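Data block below; observations after.
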There are 2 protein chains.
Amino acid sequence: MTNLTDTQKEILEFIDQSIQDRGFPPTLREICEKFKFSSTNGARYHIYRLQKLGHLDVEPKTSRGVKRVAKGRKKTPSRFNYRLPILGRVPAGPLNLASPDVREDEIGVDPQFFGSQEAEPELFGLRVNGDSMINAGIFDGDVVVVRSQLTAGDGEIVVARVEEEATVKRFRRMRNAIVLEAANPAYEPIRISDLGGIENGQNVGIMGVVVGLIRAI
Amino acid sequence: MTNLTDTQKEILEFIDQSIQDRGFPPTLREICEKFKFSSTNGARYHIYRLQKLGHLDVEPKTSRGVKRVAKGRKKTPSRFNYRLPILGRVPAGPLNLASPDVREDEIGVDPQFFGSQEAEPELFGLRVNGDSMINAGIFDGDVVVVRSQLTAGDGEIVVARVEEEATVKRFRRMRNAIVLEAANPAYEPIRISDLGGIENGQNVGIMGVVVGLIRAI
DNA sequence: TACAATACTGCACAAGTGTTCACATGTACG
DNA sequence: CGTACATGTGAACACTTGTGCAGTATTGTA
């Protein structure tokens, strides 16, 4: 991919630098000065080249008329800028993504890494409380990355609301019921007649599917 | 705050638009054309004003020499932009951070979340191969976040080089030796006489300390 | 009424800037 | 050996662009 000569790469860098520092791209003569070219055509040659290679947009007859172009699979800046809101441990109490005051923190993540292709993925973080999912590699204090959705497939790890408490469990679709089971034999599975239904007086719903995990050691 | 006239606000907008669309600010005459001024001094007057008001930086005698100055606008902190290079599984073969060709991918992370305060932290990612750290919650395929350093404290999880292979182990400082132990009873601990020393013909060194973990499910 | 400030018009000029054409110098390659 | 190609030099040219200076119209305001 980096089939560019050293000079070409340096010129792109210089253009970026100029845009960053001064707010606009350099002129041909500024490039000449920087690279000790004695003729504007030295710079002009490289600009022409870089345009042909698709790294620059050039507006003819226009001063400073070069523009860096995001090339092919070049990383979208927003890809790295997504801020994942981390909700707190939420031991009891309602888990409400919309209310920003329950946000404990936020961290920058790469949504594509967790399978999200959308520009504005519906991801949020949730700090896990307890060791009920220890056999699934989810430890106390870990942050699980959750994609908001109301349904889940068999075997997926979900964030479920049981009464007014949020828990992380593995979602099992049985013959006549749905079971939320912990990945820890010390915990009893929760049996539900249907998704969102009530059995034994339980009020249950799925809040999202766990698509990733982030841990600071 | 917005003690600007309508025209002034529109001119700032036009400058932003130009930067966004074309990659560089407009000339005075382009502003004139846009705002139906018949004299360049019409634009010039407003640019001068906006400079005095602190909304623009102006580079004299320079074409398109205006720069929007961040006036209390939210700027994305660089902390969300750090790109963590992910090295491959590196089953055997040398693990060299410097050579970019072993990079499998990179993801955006928040170094502060993993305890790094520096602007350019020496973090890298390493995809874990095998289940030797399963009891520490590190599963096959997980990416561990590693801070490059040559020493480690007792009990820390480290990336160690044994011969030419990189492994993730827990670092134990014993009375007369150092032990690299797996978090899985199925694996035998590796005993080393001293850090970087050789025992049983082993060539061992510490490459970094695991400060975090990222998993895509 | 007089005066200042705002928001321009009009025009010429010098410096800034991209463009064109001709030519030089390596380096790789058949 | 010669040819193609990449990477420049050098100089002149014409358009672009910011600048300086003078003037006009409108709107407060004292």
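The model shown is predicted, which means the values in this text are computed figures rather than measured ones. So you know, we letter chains A, B, ... as the sequences are listed, proteins then strands, and number each from 1. Values below: every heavy atom of this structure, side chains too, minus hydrogens, waters and symmetry copies.
Protein atom NZ of Lys34(B) is 20 Å distant from nucleotide atom C1' of dT17(D), rounded to whole Å. For the pair Lys9(B) NZ and dA7(C) P, the computed distance is 13 Å after rounding to whole Å. In this structure, CG of Leu28(B) is placed 12 Å from P of dG20(D), rounded to the nearest angstrom. In this structure, Tyr48(A) atom OH and dC21(C) atom P are separated by 14 Å, rounded to whole Å. Rounded to an integer number of Å, the gap from CZ of Phe37(A) to P of dT25(C) is 18 Å. Asp6(B) has its CG atom 11 Å from the P atom of dC8(C), to the nearest Å. Atoms CZ (Arg49(A)) and P (dC5(D)) sit 10 Å apart, rounded to a whole Å. Residue Leu53(B) contributes atom CG, which lies 16 Å from atom P of dA5(C) at whole-angstrom precision.
Comparing Ser38(A) and Val58(B) against DNA chain D, the residue whose closest nucleotide sits nearer the 5' end is Ser38(A).
The CD atom of Glu33(A) lies 8.5 Å from the OG1 atom of Thr27(A); values are rounded to the nearest 0.5 Å. From His46(A), atom NE2 reaches atom SG of Cys32(A) across 10.5 Å, with rounding to the nearest 0.5 Å.
For Asn41(A) and dT20(C), a side-chain-to-base donor-acceptor distance below 3.5 Å is present, hydrogens and geometry of angles not being considered. Side-chain N/O atoms of Arg29(B) and base N/O atoms of dG18(D) include a donor-acceptor pair closer than 3.5 Å. For Ser39(A) and dG8(D), a side-chain-to-base donor-acceptor distance below 3.5 Å is absent, hydrogens and geometry of angles not being considered.
For dT17(C), the OP1/OP2 oxygens have a side-chain nitrogen or oxygen of Ser63(B) closer than 4.0 Å. Regarding contacts with the backbone of dC8(C), every side-chain N or O of Tyr45(B) stays at 4.0 angstrom or more from both OP1 and OP2.
The residue Arg44(A) sits close to a base: some heavy atom pair falls under 4.0 Å. Residue Thr40(A) is classed as a base contact, given a heavy-atom separation below 4.0 Å to a base.
The side chain of His46(A) lies closest to dG8(D), out of dA6(D), dC8(C), dG8(D).
Evaluated for a side chain to side chain contact (heavy atoms under 4.5 Å, CB included) with Gln8(B), the options Thr5(B), Ile11(B), Asp6(B) yield exactly one hit, Thr5(B).
In this structure, Val158(A) and Phe171(A) approach most closely via the heavy-atom pair CG1-CB, 3.7 Å.
Between the side chain of Arg215(A) and the main chain of Gly137(B), a donor-acceptor pair closer than 3.5 Å is present.
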